[in-house]
Colleague: 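I am attaching a structure below and will ask some questions about it afterwards.
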Amino acid sequence: MSSYSYISHLECSFCGTEYKADSNIQICASCEHPLFVRYDLATMKKSISRDALADRPQNFWRYHELLPVLHQENIVSMNEPFSPIIKLSESGSDMGITRLFAKDEGVLPSGTFKARGASIGVSKAKEIGVRAIGIPTNGNAGAAWALYAAKAGIPITVVMPNTAPVTPQKECLIAGANLYVIDGTIADAGKTLSHIIDADSWYDVSTLKEPYRLEGKKTMGFEIAEQLGWKVPDVIVYPTGGGAGVIGIYKAFQELQELGWLEKRMPRFVVVQASGCAPLVRAYDRGDLFSEEWQNPETIAFGMRVPKALGDYLILDVIKQTHGIAISVNDRAIQAERENVVRKDGLHASPEGAAGIAGVRKLRSQGWIRPDDTVLVMNTGSGLKYTDQITAKPKAFSYSTT
Ligand SMILES: *Cc1c(COP(=O)(O)O)cnc(C)c1O
Ligand SMILES: [Zn+2]
């Protein structure tokens, strides 16, 4: 008989200390680095084949054996669809790439990939009996968690910079979240949270400050593998802030490979950051293992405005292991690419997704991406979340009926 989840234990991603599965521990007690959820893949491999997935509904939970929730009744889901992979034919031919694709996360609840971490994170929070959730955010994570927490009936406090786009603020408010805005960055929002709510009674779901949210990000990797017929592209491009997306997709591929479900080859991972906030690019260029906090981060791609990622060493390691690269693009290139891809291919990308595509253009012009590479860019969110950045004005027209 197969299990609903093959979760076995938690393991520190830095020092390897192991912890019991199902505890509500947040980070490693001995070194304070992020924890990974580990699964008994050897047993799972003997009990279930990938063909078992074929008849399951297309939502995140079709991968339940590789997710941390033990009991189906704790699942908080909105029957999320597979996000489509679409060919960017015109943009690709413009750059000289035959196979350029985007995975469009804009179709998910709240319009970004943050729904993934929210669904799995809120479900697990419900399972371990969390009574209140707190989250610092640049906006989109707060919006997604507000929805799933509402559905689960768990109170949530969200803190975001007062410069965050309007849409995610409104999304939090309509969903009944307790929303605070502050003068500062997402790092300051994290510090503020601990002053707003009483330390003992809430669960901090900041990126990588608990192990379960990352497990939701893995579903991107599972979907990519399945959608491409259990193969991987040559290059995956990710607009990166906290980096959970990169770490999650890589972890998903590793697990699938260990199960023998996925071809044993890794794509080259490309981390794209905005030139006004590029701590990972700076660390990559210097060959450092950790990043340094970026002072005065500034970019229109708000989801990537993270001055220092808690999992920086993990992201830099994924780049190294896969012979990838980290590069930055400026806001002007991001804005130009956002217009370009919607006008050429009909994809209304978020500025983050557009940053990824601008990164592809740059790497193609440098020859790092070859014309025959299969390239997959994550459009991490819908452009509809950023209509306030569109400055063009409609034409006025009036006519007289006399
Ligand atoms: C959060 C966010 C990102 C950055 O993702 P990380 O996993 O934190 O690196 C990129 N794009 C959008 C739209 C986001 O909301
Ligand atoms: Zn540790």
Colleague: Less than 4.5 Å apart, any side-chain heavy atom of Y212 and any of L10?
Modeller: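 With C-beta onward as the side chain, the pair touches.
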Colleague: Kindly state each residue pair satisfying side chain to side chain donor-acceptor pair (under 3.5 Å) with at least one member in residues 142-158, sequence neighbours excluded.
Modeller: E80-Y148, T157-N178
Colleague: How would you list all residue pairs meeting ring-ring contact (aromatic ring centres under 6.0 Å, His included) that involve residues 17-46, not counting sequence neighbours?
Modeller: F14-H33, H33-Y313
Colleague: What do the steps show when you test T322 against I236 for side chain to side chain contact (heavy atoms under 4.5 Å, CB included), and what is the final call?
Modeller: CA-CA 10 Å; T322 66; I236 285 187; over 6 Å; no
Colleague: Count the heavy atoms belonging to other residues, nucleotides or ligands that lie under 6.0 Å from CZ of R286, then report whether that count exceeds 12.
Modeller: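 Yes, CZ of R286 has more than 12 neighbouring heavy atoms, counting only those of other groups under 6.0 Å.
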Colleague: Can you confirm whether D372 is buried at CG, in the sense that more than 12 heavy atoms of other residues, nucleotides or ligands lie under 6.0 Å from that atom?
Modeller: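 It does: D372 CG has more than 12 such atoms within range.
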Colleague: Applying side chain to side chain contact (heavy atoms under 4.5 Å, CB included), run through M160 and L179 and close with a yes or a no.
Modeller: CA-CA 8 Å; M160 63 175 84; L179 174 68; 3.7 Å; yes
Colleague: Are V271 and Y284 packed together at the side-chain level, in the sense that at least one heavy-atom pair is separated by less than 4.5 angstrom?
Modeller: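 They are not in contact (no side-chain heavy atoms under 4.5 Å apart), so the answer is no.
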Colleague: Tell me the side chain to side chain donor-acceptor pair (under 3.5 Å) pairs involving residues 230-242, sequence neighbours left out?
Modeller: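 Sorted result for residues 230-242: D234-R265.
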Colleague: Flag the pair R116 / S83 as yes when at least one side-chain heavy-atom distance between them is below 4.5 Å, and no otherwise.
Modeller: yes
Colleague: Look at the side chain of D345 and the backbone N and O of L347, then say whether any donor-acceptor pair between them is shorter than 3.5 Å.
Modeller: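 No, because the side chain of D345 does not come within donor-acceptor range (under 3.5 Å) of the backbone of L347.
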Colleague: So, taking the atom named CE in M304 and the one named CG in N138, what distance separates them when rounded to the nearest 0.5 Å?
Modeller: 11.0 Å
Colleague: Report, as yes or no, whether the 6.0 Å neighbourhood of atom CZ on R343 holds more than 12 heavy atoms from other residues, nucleotides or ligands.
Modeller: no
Colleague: Within the 4.5 Å heavy-atom criterion, are V166 and T387 side-chain neighbours or not?
Modeller: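 No, every pair of side-chain atoms sits at 4.5 Å or beyond.
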Colleague: Would E18 and R38 pass as an ion pair if we require N to O under 4.0 Å?
Modeller: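 Here E18 does not pair with R38 in a salt bridge, since their nearest N and O are not under 4.0 Å apart.
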Colleague: Show the atom names and distances, to 0.1 Å, of all donor-acceptor pairs under 3.5 Å that link a side chain in residues 352-359 to residues at least two apart or in another chain.
Modeller:
from: E352; atom 1: OE1; to: S350; atom 2: OG; distance (Å): 3.2
from: E352; atom 1: OE1; to: Y386; atom 2: OH; distance (Å): 3.3
from: E352; atom 1: OE2; to: F302; atom 2: N; distance (Å): 3.3
from: E352; atom 1: OE2; to: G303; atom 2: N; distance (Å): 2.8
from: E352; atom 1: OE2; to: Y386; atom 2: OH; distance (Å): 2.5

Colleague: Going through the checks in order, is the salt bridge (Lys or Arg N to Asp or Glu O under 4.0 Å) test met by K251 and E215?
Modeller: CA-CA 9 Å; K251 187 171 188 280; E215 295 304 288; 2.9 Å; yes
Colleague: What's the separation between atom CD1 in I196 and atom CH2 in W202, rounded to the nearest 0.5 Å?
Modeller: 9.0 Å
Colleague: So with a 6.0 Å cut-off around CD of Q72, is the heavy-atom count from everything else above 12?
Modeller: no
Colleague: Scan L173, I135, L193 and name whichever one has a side-chain contact (heavy atoms from CB on, under 4.5 Å) with V158.
Modeller: I135
Colleague: Which pairs pass salt bridge (charged side-chain N to carboxylate O under 4.0 Å, His left out) with one or both residues in residues 373-392, sequence neighbours excluded?
Modeller: E171-K385, R268-D373, R370-D373
Colleague: Hey, are the side chains of E337 and N340 touching, using non-hydrogen atoms and a 4.5 Å cut-off?
Modeller: yes
Colleague: Considering only heavy atoms from C-beta outward, does the side chain of I224 approach that of F101 to under 4.5 Å?
Modeller: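 No - every pair of side-chain heavy atoms lies 4.5 Å or more apart.
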Colleague: So, using salt bridge (charged side-chain N to carboxylate O under 4.0 Å, His left out) as the criterion, who are the partners of D317 when residues are at least two apart?
Modeller: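 Once residues adjacent in sequence are excluded, D317 has no partner under the salt bridge (charged side-chain N to carboxylate O under 4.0 Å, His left out) criterion.
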Colleague: If you count heavy atoms of other groups shown closer than 6.0 angstrom to CD1 of I174, is the number above 12?
Modeller: no
Colleague: Applying the side-chain contact (heavy atoms from CB on, under 4.5 Å) criterion to R305, which one of I186, T163, I300 satisfies it?
Modeller: T163
Colleague: Hey, could you give me the CD1/CZ distance between I334 and R332, rounded to the nearest 0.5 Å?
Modeller: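 Answer for the CD1-CZ pair, I334 versus R332, is 11.0 Å.
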Colleague: Salt bridge or not for K124 and E210, using N-O below 4.0 Å?
Modeller: no
